Amino acid sequence: MDFRLADEQEILRRTVREFAEAEIRPHVMEWDEAQRFPMELLPKLAALGLTGIQFPEEYGGAAMSAVDYCICIEELARVCPAIALSVAAHNGLCAAHIGLFGNQAQKQRYLTRLLRGEVLGAWGLTEAGAGSDAAGMRTTGVRDGDSWVINGSKSFITHGSIGGVMVVIAVTDRTKGHRGISAFIVEHGTPGMTAGRKENKLGMRASDTSEVVFQACRVPASQLLGEENWGFINTLQVLDAGRIGIAALSVGLAQGAYDAAREYAKQRRQFGQPISAFQAIQWKLADNATRIDAARLLTYRAAHLKDRGRRTTKESSMAKLFASEIAVRAADDCVQIHGGYGFVKDYPAEKYFRDVKLLTIGEGTSEIQRLVIARQLLGQ
Ligand SMILES: Cc1cc2nc3c(=O)[nH]c(=O)nc-3n(C[C@H](O)[C@H](O)[C@H](O)COP(=O)(O)OP(=O)(O)OC[C@H]3O[C@@H](n4cnc5c(N)ncnc54)[C@H](O)[C@@H]3O)c2cc1C
């Protein structure tokens, strides 16, 4: 075993960190307050390969590994978790689904545009009445000659209103339960597809989240993604990898909160000394540093196994569960160490505290991760 990153991976970390500090840090609060994903950032992300991190070069990807992917997401999340969430949804959900299950023509037509950052990707599984129980969805895809007609609506969709390409999951054979669900690629602007309400969120506000409505939305039969009725099974595979991304996002957010807390603790003086001299503060820092290390190791293990072609259902869920929950504690301690200054927008603490809660919810809540892990442990 070797716990060190390769030299090229250390260089990758430094490069993404410098990019995030220079191009994202100065605008974090502006984008958060405007609740706007900065489309002007997209070409800059693309220039670094961050819109096609783990994809083959032949489609315009950067051909990096799953561990490299974690490093990129971590470094973005350390500075702005909302931008990291958008990059993770684009890469790890929409592009990943097309990359894994698309045919050659679909990859040429859609993956290349996504990976080059010409469009943002969206991925629609969740509905108002079907979140954790995603297979209980109501949206349907009905075959009509050479087309599929999609009806229904999707909720909480990252890039729902600004995504150029969306993967939509819909029921195609109600009698077959989760084995009767298929995926479709729908282009923004297709008649019958409209962005519904944009969510006004607690955190992750620079990442667009909207409802998407389908009313007799007709797409050519060639837009079926993967085999008919295999959409939900394929989705579980997409989520196995996607959850490693959310784990990395959690590690990065926790690291950002911890770094901010440590710097503040060294500067803030009370009772004639820096607050970092108090054991109560030191223990918080020590506990967080230890938990972040443990979360990073779980995350890299899952990524490392993925790089070796192994199925990572259990390891991805363990990493996502642990990392997201320790990130919540890191963000909470960051506010506590800042005292009253943790409660105001002059310091980054309050934003980490708002952003972090999504991580125990999105791509499967903590309760669902425990369910997935338990099923794997019990061989169900
Ligand atoms: C900012 C944001 C971005 C998102 N982006 C996307 C996206 O791009 N694409 C997409 O498809 N979805 C997206 N989602 C949706 C997200 O994946 C769901 O919100 C999540 O899966 C939970 O579903 P729900 O909100 O319906 O909660 P529910 O499923 O209603 O859960 C409510 C509570 O009940 C618990 N619960 C439910 N079932 C069980 C059970 N069997 N055992 C124990 N407890 C249970 C849950 O853990 C939770 O605590 C996004 C959500 C947000 C907030």
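Ligands are counted one by one from 1 in listed order, and the atoms in each one are counted from 1 as well. In what follows, every heavy atom counts, from backbone to side chain, and hydrogens, waters and symmetry copies are set aside. The structure displayed is predicted, hence computed values, not measured ones.
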Purely on distance, is any nitrogen or oxygen of [X] under 3.5 Å from one on ligand 1?
X	value
Thr158	yes
Ser132	yes
Thr209	no
Ser155	no
Phe156	yes
Glu367	yes

Would you mind checking which non-hydrogen protein atom is closest to [atom], with the distance to 0.1 Å?
atom	result
atom 42 (N) of ligand 1	Leu371 CD1, 4.1 Å
atom 26 (O) of ligand 1	Gly131 CA, 3.2 Å
atom 20 (C) of ligand 1	Ile361 O, 3.6 Å
atom 48 (C) of ligand 1	Thr365 CG2, 4.1 Å
atom 40 (C) of ligand 1	Ile368 CD1, 4.1 Å
atom 15 (C) of ligand 1	Thr126 OG1, 3.2 Å
atom 17 (O) of ligand 1	Glu363 N, 3.5 Å

Between [Y] and [X], does any NZ, NE, NH1 or NH2 come within less than 4.0 Å of an OD or OE carboxylate oxygen?
X	Y	value
Lys266	Glu263	yes
Glu74	Arg296	yes
Arg243	Glu363	no
Arg354	Asp32	yes
Lys201	Glu199	no

Practice task
Would you mind finding which of Leu85, Val168, Leu125 brings a heavy atom closest to atom 11 (O) of ligand 1?
Solution key: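 Nearest heavy atom to atom 11 (O) of ligand 1 lies in Leu125.
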Whether the [X] and [Y] side chains hold a donor-acceptor pair (N or O, under 3.5 Å, no angle test) is what I'd like checked.
X	Y	result
Ser132	Glu367	no
Ser366	Glu325	yes
Ser86	Ser207	yes
Asn91	Gln54	no
Asp240	Ser316	no

Problem - Main-chain N/O of Ala66 paired to Asp307 side chain as donor or acceptor, under 3.5 Å - result: yes
Among all the protein's heavy atoms, is there at least one whose distance to [atom] comes out below 4.0 Å?
atom	value
atom 9 (N) of ligand 1	yes
atom 33 (C) of ligand 1	no
atom 5 (N) of ligand 1	yes

Handout entry: Mode of Leu358 contact toward ligand 1 - side chain, backbone, both, neither (heavy atoms, under 4.0 Å)
Key =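 Looking at Leu358 and ligand 1, just side chain atoms fall under 4.0 Å.
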